[in-house]
Amino acid sequence: KQSEDNARKLTQLNLEVSSARQRNMTLGQQVSELEAKIKINDQKLAVRNARLAELMQRLKNRKDAAQQNANRTPKS
């Protein structure tokens with residue numbers, strides 16, 4: 001009787017271990033997918049930040065040019 005109980009417990013533990021391994025594998029795949037998405041989003045963000053920096057520089061150049069023109073105009 002005790003050996004049957006031990007066999008049942010061992011079978012149950014083996015099932016639990018198998019389930020845990022499957023969950024870990026699934027979670028590992030999900031983590032990999034999320035890391036790939038993060039990498040793509042980081043690349044998109046870098047492109048957008050570069051574009052923002054370009055636009056900010058253009059705006060600064062326009063403001064500087066307007067300021068220089070204002071300083072050149074003779075005051076009446």
Side-chain angles (χ1 to χ4, degrees):
K1 171 135 177 137
Q2 186 176 358
S3 65
E4 288 177 19
D5 285 346
N6 287 342
R8 260 183 258 154
K9 287 178 184 177
L10 184 58
T11 301
Q12 181 61 33
L13 287 174
N14 283 335
L15 286 173
E16 289 176 18
V17 166
S18 179
S19 293
R21 284 182 179 152
Q22 186 61 41
R23 279 193 307 269
N24 284 343
M25 198 179 328
T26 301
L27 290 173
Q29 290 170 345
Q30 290 173 346
V31 166
S32 294
E33 290 170 9
L34 290 172
E35 286 174 339
K37 288 179 182 179
I38 287 171
K39 185 175 181 179
I40 289 169
N41 285 340
D42 284 347
Q43 291 170 346
K44 288 179 183 178
L45 186 58
V47 168
R48 289 180 180 157
N49 281 340
R51 178 73 174 139
L52 177 60
E54 177 188 348
L55 293 173
M56 289 175 70
Q57 186 61 47
R58 279 190 193 174
L59 181 60
K60 182 183 179 305
N61 292 346
R62 285 184 186 177
K63 285 181 180 178
D64 291 348
Q67 183 65 37
Q68 286 177 358
N69 287 337
N71 289 341
R72 287 184 192 158
T73 349
K75 296 182 180 166
S76 319

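When reading the values below, keep in mind they use all heavy atoms of this one structure, side chains included, and skip hydrogens, waters and symmetry mates.
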- Message: Taking side chain to side chain donor-acceptor pair (under 3.5 Å) as the cut-off, I'd like each qualifying pair that reaches into residues 11-28, sequence neighbours left out, listed once.
- Response: Q12-E16
Check [Y] with [X], please: is the shortest side-chain N to carboxylate O separation under 4.0 Å?
| X | Y | value |
| --- | --- | --- |
| K39 | D42 | no |
| E33 | K37 | no |
| K60 | D64 | yes |

- Item | Co-members of L52 in a cluster of I, L, V, M, F, W and Y side chains, linked at under 4.5 Å | M56
- Message: Can you tell me how far apart CG (L59) and CD (Q57) are? Round to the nearest 0.5 Å.
- Response: 9.5 Å
- To the nearest 0.5 Å, tell me how far N6 CG sits from Q2 CD. 5.5 Å
- Note on the structure: Sorted by chain and residue number, the side-chain contact (heavy atoms from CB on, under 4.5 Å) partners of L55 (sequence neighbours excluded) come out as R51, R58
